[in-house]
Structures are given as C-alpha cells and as structure tokens.
Amino acid sequence: MIEGIAFVAKGEGRARLDYSSNGIAVVKQWEAKGKRILETVFDENGAVLQQQLLDVEGSGLDAMIERELRNVPAKEVKSRPYEDVKLKKPCPDCGSNALERCDRSVSGDALPVVPMYLCKECGKTSYHLTTKYLEYLIGRNKNLFAQDELAKMDDNHDVFVNELEEYILRIFASKKVMRIK
C-alpha cells in the first residue's frame, strides 16, 4: 500500500477502499444487503478485523465511501477495478490458495458472525477467526454475557478470550468445519 494514496473500487452492490495509515494497511469493504450495508474491515492478509451491519436510510455505497474518505489520511484518491478481498491463507484441507468468503453461516443464516470460507478447489467449508476480531465481538456484545463471565473477563482477559476460542473450535469441529490457521 502506498502511503498518502487511497484506492477506491466499485463492483455490483459492493465497494472497497484501500489505504495506509501510519504504515498499517487498511482495507474496508461495503456490501449492499437489502436495505442495509455490511461494512467489513480487513487486515493486510484479508482477515476480518471488524464487521457490522449498518442501517443507512437513503445512503448508498457512494455515501459510505465519501464518509470514510473524510477520515482517511490520503492526499490522493485513485480508482481501480473491484476485486474481492482474499484471505491469504491456504485451505486447511487441501492446502490450495482457493479460499473465498461465504455469504452464509454454517447454520444457513445470512451474514455469518464468524468469517466462513469455501475452497473452490476441494469444496470444503472452513472458518478463520482472529483473536483481534473475537475481542471486537466481545466488546460489541457484552450484554450477551452473564455477570460472572464479565467478572472472569475483567480478572484475566487473555484467559477468557482463550477459553472462548476453545469453545468456538469445539463447536465448529462438531460440525466438521476446519479452522484456518
């Protein structure tokens, strides 16, 4: 990523903004989902760092890009062809680099909370959950935890997060969905 230049890409029902801030690559993507927009922030390897479904009455993808550009430390904005964000990790089953994000969760619900991927080579579904994204989910959903769980998290945050990662691993393993490391 070139410091000082933001790259805007638009596709059908999707838009993407790539830029660098203090040497850190930022990739933000917006996808129209009915009357709402799914906003996802990725790291330089294509891993999900943040994700939220926005109610944007009257605002479209162009408005989302313009809003974001006001906060971006870029002196120049360039357009380029749209490409989906790719996770730069191999498939945990066949080892190929053919992973594509899934729009649906393992349960079939729209918009999976845990990022899901389908390997175009072997057809297997897998998931990739970074600790940073899990911590983001915890912070945004504290109301879902019991008081004793919140106290446990306050006592030792790292142990709490590791325990949640283990629970998630077991849940997906029971559904025969492999973790992308």
Side-chain angles (χ1 to χ4, degrees), residues 1-91 97-121 123 125-144 168 177 180:
M1 197 64 50
I2 303 168
E3 196 79 33
I5 299 177
F7 295 93
V8 174
K10 297 178 186 176
E12 193 172 321
R14 296 174 179 211
R16 175 176 166 170
L17 177 64
D18 297 60
Y19 62 94
S20 183
S21 179
N22 298 320
I24 298 171
V26 178
V27 179
K28 211 164 211 187
Q29 178 178 280
W30 298 275
E31 300 168 86
K33 299 289 184 183
K35 295 183 179 188
R36 300 158 99 186
I37 292 179
L38 177 64
E39 179 181 78
T40 309
V41 178
F42 300 89
D43 69 11
E44 67 278 358
N45 293 314
V48 173
L49 298 178
Q50 296 178 10
Q51 186 169 270
Q52 59 184 334
L53 193 57
L54 305 171
D55 291 313
V56 290
E57 292 182 34
S59 297
L61 297 173
D62 288 333
M64 301 302 290
I65 293 168
E66 290 302 319
R67 179 197 64 163
E68 191 66 26
L69 282 172
R70 283 186 233 125
N71 301 314
V72 169
K75 297 176 181 82
E76 186 178 357
V77 178
K78 293 185 177 185
S79 292
R80 67 177 175 197
Y82 183 85
E83 288 182 23
D84 284 326
V85 177
K86 298 283 186 192
L87 181 64
K88 296 174 186 165
K89 301 271 185 181
C91 172
N97 290 316
L99 294 173
E100 291 188 4
R101 274 180 64 219
C102 294
D103 286 347
R104 297 214 169 272
S105 67
V106 172
S107 65
D109 294 336
L111 306 175
V113 173
V114 175
M116 302 297 300
Y117 296 86
L118 177 67
C119 179
K120 290 297 181 182
E121 193 70 30
T125 302
S126 53
Y127 77 98
H128 183 63
L129 182 68
T130 64
T131 300
K132 188 169 184 175
Y133 180 55
L134 180 57
E135 288 174 334
Y136 164 80
L137 289 173
I138 293 167
R140 295 212 23 136
N141 297 289
K142 285 190 176 183
N143 59 321
L144 298 177
I168 292 165
V177 176
I180 302 166

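In what follows, every heavy atom counts, from backbone to side chain, and hydrogens, waters and symmetry copies are set aside.
- With values rounded to the nearest 0.5 angstrom, Ile5 atom CD1 is found 12.0 Å from Asp18 atom CG.
- Using modelled atom types, no side-chain atom of Asn45 and backbone atom of Ala47 make a donor-acceptor pair closer than 3.5 Å.
- Met116 places a side-chain heavy atom less than 4.5 Å from the side chain of Val177.
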*Could you walk me through whether Leu99 and His128 pass the side chain to side chain contact (heavy atoms under 4.5 Å, CB included) test, one step at a time?*
CA-CA 11 Å; Leu99 294 173; His128 183 63; over 6 Å; no

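- Scored by the side-chain hydrogen bond (donor to acceptor under 3.5 Å, both in side chains) test, Glu39 finds Trp30, Gln52, Arg67 as partners (sequence neighbours excluded).
- Separation of atoms CG (Leu137) and CD (Gln50) is listed at 10.0 Å; rounding is to 0.5 Å.
- Counting heavy atoms from C-beta on, the side chains of Arg16 and Glu83 come closer than 4.5 Å.
- Residues Ser126 and Ile180 approach most closely at OG-CD1, 3.2 Å, considering heavy atoms.
- Here the closest heavy-atom approach between residue Pro90 and residue Asn97 is recorded as CA-OD1, 3.6 Å.
- Side-chain contact between Phe42 and Val48 is present, with at least one heavy-atom pair separated by less than 4.5 Å.
- Side chains of Lys10 and Asp62 form a contact here, defined as non-hydrogen atoms less than 4.5 Å apart.
- Minimum heavy-atom separation, Ile168 to Leu134: CD1-CD1, 3.9 Å.
- Separation of atoms CD1 (Ile37) and CG (Asp55) is listed at 10.0 Å; rounding is to 0.5 Å.
- Across all their heavy atoms, Ala6 and Leu17 have their closest contact at CB-CD1, 3.9 Å.
- In terms of the side-chain hydrogen bond (donor to acceptor under 3.5 Å, both in side chains) criterion, Thr130 has no residue partners (sequence neighbours excluded).
- Atom CG of Leu53 is separated from atom CZ of Arg36 by 4.0 Å, given to the nearest 0.5 angstrom.
- Lys78 places a side-chain heavy atom less than 4.5 Å from the side chain of Phe7.
- Applying the salt bridge (charged side-chain N to carboxylate O under 4.0 Å, His left out) criterion to Lys120, with sequence neighbours excluded, gives Glu100.
- Within 6.0 Å of atom CG in Asn22, 12 or fewer heavy atoms from other residues, nucleotides or ligands are found, so the atom counts as exposed in its surroundings.
- Nearest heavy-atom pair across Ile65 and Ala15 is CD1-CB, 3.5 Å.
- Ala9 and Tyr82 get closest at one heavy-atom pair: CB-CA, 3.6 Å.
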*Go through Val85 and Thr40 one step at a time and tell me if the side chain to side chain contact (heavy atoms under 4.5 Å, CB included) criterion holds.*
CA-CA 10 Å; Val85 177; Thr40 309; over 6 Å; no

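- Distance alone, capped at 3.5 Å, is enough to place a donor-acceptor pair between the Tyr136 side chain and the Gln51 backbone.
- For the atom pair CD (Glu44) and CG (Leu49), the distance works out to 8.0 Å, reported to the nearest 0.5 Å.
- Qualifying salt bridge (charged side-chain N to carboxylate O under 4.0 Å, His left out) partners for Arg101, counting only residues two or more places apart in sequence or in other chains: Glu31.
- Once rounded to the nearest 0.5 Å, the distance linking CD of Glu68 with CZ of Arg70 reads 10.0 Å.
- The side-chain heavy atoms of Arg14 and Asp84, taken from C-beta on, include a pair separated by under 4.5 Å.
- Judged as a side-chain contact (heavy atoms from CB on, under 4.5 Å), and not counting sequence neighbours, Asn71 has no contacts.
- With sequence neighbours excluded, no residue forms a salt bridge (charged side-chain N to carboxylate O under 4.0 Å, His left out) with Lys132.
- Side-chain atoms of Cys91 and Tyr117, non-hydrogen and from C-beta on, never get closer than 4.5 Å to each other.
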